[in-house]
**Student:** 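I'd like to ask you about the structure that follows.
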Amino acid sequence: MGRESEMFMCSKLIIRMLGMLLCIVLLLAAGCADEKKSAPPTAEPQAAQTASTENHPVNDTKEMKVRVYFPKNDGMGLAAVSRTVKIDKEDKYTAALKSLLTGTTEKGQTNIIPKQTKLRSVTVNNGTAVADFSKEMQTNFNGGSTGEEMLIGSIVNTLTDFPEVTKVRIRIEGRDVETLSGHMDLSDPLPRMTELLK
């Protein structure tokens, strides 16, 4: 009888120990679950975010190809020059005209934009571009009728190279002008001057 009692007590002890062990396992499992909930996000999403930023930099410089037009040396028309311009800080129309103002070094072409001329602004509305230049466009121009036609043509054809621009109005210091130096009528916006591109 004493032996049976001893075995019974031993079984009871084993059951208690198993119960305690089960409780400990459950408590540990619950603690781990809580840790997962409150743990800060892993570094994985951050790494993915960094990779995404590296592929698409915030200050990504955009470039595009444009054509600008310069007079031929013989004064018989205009020739197109392909240029790559940056359009991250300005629109494509401004970038194209600023490129035109830098001049050309191409063989068989000449510069016609008067020195010290600055582009004040370019706006495009309903197919008409309005290009506003500084006073030097007028005061520093010393060409004749052909020179004036080449100058106006280079501006008009550069802007109308963009398909959405059909006409160009030229302004000096924010004001409409009737002519640049008495040879061409600028009182109305001008369409593309295709006769200069032959």
**Student:** List the steps, then state whether side chain to side chain contact (heavy atoms under 4.5 Å, CB included) holds for Phe133 with Leu101.
**Tutor:** CA-CA 11 Å; Phe133 295 93; Leu101 263 62; 4.0 Å; yes
**Student:** First locate atom CD of Glu178, then atom CG of Asp188, and finally report the distance between them rounded to the nearest 0.5 Å.
**Tutor:**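 Rounded to the nearest 0.5 Å, the CD-CG separation comes to 10.5 Å.
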**Student:** Would you say the side chain of Pro191 lies within less than 4.5 Å of the side chain of Thr160, judging by non-hydrogen atoms?
**Tutor:**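 Not in contact.
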**Student:** Tell me whether Met76 at atom CE has more than 12 heavy atoms from other residues, nucleotides or ligands lying less than 6.0 Å away.
**Tutor:**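 No, the 6.0 Å shell around CE holds no more than 12 heavy atoms from other groups.
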**Student:** Where the side chain of Thr139 meets the backbone of Lys135, is there a donor-acceptor pair that is under 3.5 Å apart?
**Tutor:**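 Yes: the side chain of Thr139 pairs with the backbone of Lys135.
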**Student:** I want to check something: taking the side chain as every heavy atom from C-beta on, are Leu159 and Val156 in contact at a cut-off of under 4.5 Å?
**Tutor:** no
**Student:** Rounded to the nearest 0.5 Å, what's the gap from CZ on Arg169 to OG1 on Thr128? Could you check?
**Tutor:**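 Between atom CZ of Arg169 and atom OG1 of Thr128 there are 8.0 Å.
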**Student:** May I ask you to test the Met150-Leu196 pair for a side-chain heavy-atom distance under 4.5 Å?
**Tutor:** yes
**Student:** Are there over 12 heavy-atom neighbours, none belonging to Lys92, within less than 6.0 Å of that residue's NZ?
**Tutor:**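 Yes.
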**Student:** Could you tell me which non-hydrogen atom of Ser154 sits nearest to which non-hydrogen atom of Leu78, and how far apart they are?
**Tutor:**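 What the structure gives for the nearest pair is N-CD1, 3.7 Å.
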**Student:** Test your reading of the model: is there a side-chain donor-acceptor pair from Gln138 to the backbone of Thr179, 3.5 Å cut-off?
**Tutor:** yes
**Student:** Do Asp132 and Arg171 meet the salt-bridge criterion of a basic N to acidic O distance under 4.0 Å?
**Tutor:** no
**Student:** In the structure I gave you, are the side-chain heavy atoms of Asp91 and Val124 within less than 4.5 Å of one another anywhere?
**Tutor:** no
**Student:** Taking all heavy atoms of Ala95 and all of Glu90, pick out the closest pair and write down the distance.
**Tutor:** CA-OE2, 3.8 Å
**Student:** Looking at CZ of Arg67 and CZ of Phe162, how far apart are the two atoms once the value is rounded to the nearest 0.5 Å?
**Tutor:**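 CZ of Phe162 is found 10.5 Å from CZ of Arg67.
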**Student:** For Asp74, look at atom CG and say whether over 12 heavy atoms of other residues, nucleotides or ligands are found less than 6.0 Å away.
**Tutor:** yes
**Student:** Got Thr123 and Tyr93 here, is their nearest side-chain heavy-atom distance under 4.5 Å?
**Tutor:** no
**Student:** Start with the C-alpha distance between Glu106 and Lys72, add both sets of side-chain angles, then the distance that settles salt bridge (Lys or Arg N to Asp or Glu O under 4.0 Å), and finish with yes or no.
**Tutor:** CA-CA 10 Å; Glu106 298 281 331; Lys72 296 175 185 173; over 6 Å; no
**Student:** With rounding to the nearest 0.5 Å, note down the distance linking NZ in Lys62 to CD1 in Ile87.
**Tutor:**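 Here the interatomic distance stands at 6.5 Å.
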**Student:** Please check this pair: side chain of Glu148 against backbone of Ser181, looking for a donor-acceptor N/O pair closer than 3.5 Å.
**Tutor:** yes
**Student:** What is the minimum heavy-atom distance between Ala96 and Thr158, and which atoms define it?
**Tutor:** CB-CG2, 4.1 Å
**Student:** Over all heavy atoms of both residues, which pair between Lys167 and Pro189 is shortest? Give the atoms and the distance, please.
**Tutor:**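 Shortest heavy-atom separation between Lys167 and Pro189 comes out as CB-CB, 3.8 Å.
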**Student:** Please check if any side-chain donor atom of Arg83 sits under 3.5 Å from a side-chain acceptor atom of Ser99, or the reverse.
**Tutor:** yes
**Student:** Given the rule that I, L, V, M, F, W and Y join up when any side-chain heavy atoms are under 4.5 Å apart, are Leu180 and Val130 in one cluster?
**Tutor:**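 Not linked; separate clusters.
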**Student:** Do the side-chain N and O atoms of Gln109 and Tyr69 include a donor-acceptor pair separated by under 3.5 angstrom?
**Tutor:**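 Note: Gln109 and Tyr69 side chains miss the donor-acceptor criterion.
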**Student:** Measure across Thr146 and Gly75 and return the closest heavy-atom pair with its distance rounded to 0.1 Å.
**Tutor:**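 Where Thr146 meets Gly75 most closely, the heavy atoms are CG2-O, 3.9 Å.
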**Student:** For the residue pair Glu136 and Lys115, what are the closest heavy atoms and their distance?
**Tutor:** CB-O, 3.9 Å
**Student:** Can you find a pair of side-chain heavy atoms, one from Thr110 and one from Phe70, that are under 4.5 Å apart?
**Tutor:**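 A side-chain contact under 4.5 Å is absent here.
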**Student:** Give a yes or no on whether the backbone of Gly127 and the side-chain of Thr166 come within a donor-acceptor separation of less than 3.5 Å.
**Tutor:**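 Flag set: sc Thr166 to bb Gly127 pair under 3.5 Å.
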**Student:** Rounded to the nearest 0.5 Å, what separates atom CG in Leu97 from atom NZ in Lys118?
**Tutor:**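 Answer rounded to 0.5 Å: 15.5 Å.
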**Student:** Which value, rounded to the nearest 0.5 Å, describes the distance between Ser134 atom OG and Ile172 atom CD1?
**Tutor:**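 So the OG of Ser134 and the CD1 of Ile172 are separated by 7.5 Å.
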**Student:** Would you say the side-chain atoms of Asn111 pair up with the backbone N or O of Thr104, donor to acceptor, closer than 3.5 Å?
**Tutor:** yes
**Student:** Indicate whether the side chain of Ser187 and that of Asp185 have a donor and an acceptor atom separated by less than 3.5 Å.
**Tutor:**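 Per modelled atom types, Ser187 and Asp185 side chains form a pair under 3.5 Å.
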**Student:** Please examine the side chains of Ile155 and Met137, heavy atoms only from C-beta on, and report whether any two atoms are closer than 4.5 Å.
**Tutor:** yes
**Student:** Between Arg192 and Asp161, does a side chain to side chain contact (heavy atoms under 4.5 Å, CB included) hold up when you go through it step by step?
**Tutor:** CA-CA 8 Å; Arg192 189 167 180 81; Asp161 215 67; 3.1 Å; yes
**Student:** Would you say that Met184 contacts Leu151 through its side chain, given a criterion of any heavy-atom pair below 4.5 Å between the two side chains?
**Tutor:**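 In short, these two side chains do not touch, never coming nearer than 4.5 Å.
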**Student:** Evaluate side chain to side chain contact (heavy atoms under 4.5 Å, CB included) for Val66 paired with Met64, printing each intermediate quantity in order.
**Tutor:** CA-CA 6 Å; Val66 297; Met64 75 176 291; 4.1 Å; yes
